[in-house]
Amino acid sequence: MKVALIGVGQAGGKVTQAVVEFDREMGFGAVRGAFAVNTAAADLQALDLDTVLIGRDRVNGHGVGGDNELGAEIMQSRATEVLEALDGRVSTEAEAIVVVAGLGGGTGSGGAPALAAELRTVYDVPVYVLGILPGRDEGALYQANAGRSLKTVAREADAALLIDNDAWRQSDQSVEEGFAEINRRIARRVGLLLAAGEATDGVGESVVDSSEVINTLARGGLASIGYARADASPEAEENVNTITSVTRKALLTGTSLPDAVEAEAALLVIAGEPDRIARKGVERARSWVEDETGSLQVRGGDFPVESDQLGALVLLGGVERSRRVQEFLDRARDATDELDDGPDPVEELTTDDLDGLF
Ligand code: GDP
């Protein structure tokens with residue numbers, strides 16, 4: 001699927017760059033245009049991408065802090081500038097536009113839904129948001145911001161593909177190392193998904209087409225993506241179990257929203273050399289995905305790539321009823337209550353609740 005990517009905010013820019021680099025390294029060419037938008041000049045300077053700085057008149061290039069309402073307001077008032085930038089960079093070939101953002105901050109949290117809404121009024125192609133949810137150790141403001149942002153994204157975008165920042169975190173990593181690792185994993189999954197529909201070289205009926213990705217996401221709402229790979233034998237018939245086991249791994253331990261298995265629709269892509277792909281394994285894996293997700297709409301297809309390994313990529317559409325989404329929404333609501341009810345620092349400094357020193 002040929003796409004244009006727009007990263008909004010710090011995380012949005014970094015993840016966009018990671019996807020662009022992966023697409024370039026693999027020589028896929030699915031990303032047909034990409035740039036980053038931010039209210040913080042310093043975050044844009046750190047990127048190796050075209051950039052657009054917005055809201056200079058409001059925040060002077062310093063960002064919006066965690067104020068996602070301001071982030072949304074600035075994006076709404078500057079959407080024309082961003083659309084102009086897009087016009088110059090997106091070829092008419094783009095089959096979808098993907099807005100990438102961390103939903104817990106300010107610029108991306110407010111800006112992504114505002115931009116998605118604007119893009120949908122102008123473009124006919126689907127507008128997706130690739131949204132990053134804060135990990136459970138991140139503070140109340142991140143959780144509350146992400147809750148409001150997610151609600152708005154779910155309404156304004158054609159679909160929201162979610163990444164949970166706790167998904168692939170290892171306990172011995174610093175936050176920065178953790179981000180670098182998670183960004184690489186996002187890039188691989190999203191990069192493969194976009195490229196999968198482009199691989200028409202291997203021709204054959206079973207090759208997946210980009211319309212399958214679009215159809216899987218067509219019901220809107222929330223989506224997630226899983227991936228796993230394993231070494232494979234050169235003989236297809238020896239790979240039946242490999243295909244079923246990578247598929248299980250992709251869905252049960254490799255997804256961007258852990259524990260979100262129940263889904264309305266799913267797409268299973270098996271990546272590998274056509275000679276190594278066992279049809280019996282693909283059929284079994286597909287019916288397992290059907291049972292596991294409870295979805296009657298499980299699409300499937302191959303992604304021919306040169307490799308000694310076989311990979312399974314699972315895209316789930318309509319995961320809003322899953323436990324993980326519910327857990328996050330509960331967390332976001334509690335955080336919003338905490339922020340609403342918490343002591344107002346200005347009040348505390350001026351009333352008699354706390355005794356002064358003298
Ligand atoms: P903004 O610049 O105001 O949009 O704010 P950020 O993009 O920094 O958003 C903050 C959220 O994004 C928090 O939940 C962070 O954990 C997350 N975040 C920041 N940088 C990264 C990154 O490089 N990768 C990932 N996965 N998450 C990030």
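Order of appearance sets the numbers: ligands from 1, and atoms from 1 within every ligand.
Under 4.0 Å is where a charged nitrogen must lie from a carboxylate oxygen, and between Glu212 and Arg299 at least one such pair does.
No hydrogens or angles considered: a donor-acceptor pair under 3.5 Å links the side chains of Asp330 and Gln326.
Here the shortest heavy-atom distance to atom 19 (C) of ligand 1, taken over Ala11, Ser109, Gly110, belongs to Ala11.
Ile277 and Ala236 get closest at one heavy-atom pair: O-CB, 3.9 Å.
Grouping the Ile, Leu, Val, Met, Phe, Trp and Tyr side chains by contacts below 4.5 angstrom, directly or via other members, places Phe179 with Leu130.
Of all protein heavy atoms, the one lying nearest to atom 17 (C) of ligand 1 is Asn165 ND2, 3.7 Å. The protein atom (non-hydrogen) at minimum distance from atom 4 (O) of ligand 1 is Gly108 N, 2.7 Å. For atom 14 (O) of ligand 1, the closest non-hydrogen atom of the protein is Glu138 OE1, 2.6 Å. In terms of protein heavy-atom proximity, atom 24 (N) of ligand 1 is closest to Asn183 OD1, 2.7 Å.
Contact atoms of ligand 1 toward Tyr142: 10 (C), 13 (C), 14 (O) (distance under 4.0 Å to a heavy atom of the residue).
Among Thr247, Leu267, Val269, the one residue that satisfies the side chain to side chain contact (heavy atoms under 4.5 Å, CB included) test with Leu313 is Val269.
Contacts of Gln10 with ligand 1, taken as heavy-atom pairs under 4.0 Å, involve both backbone and side chain.
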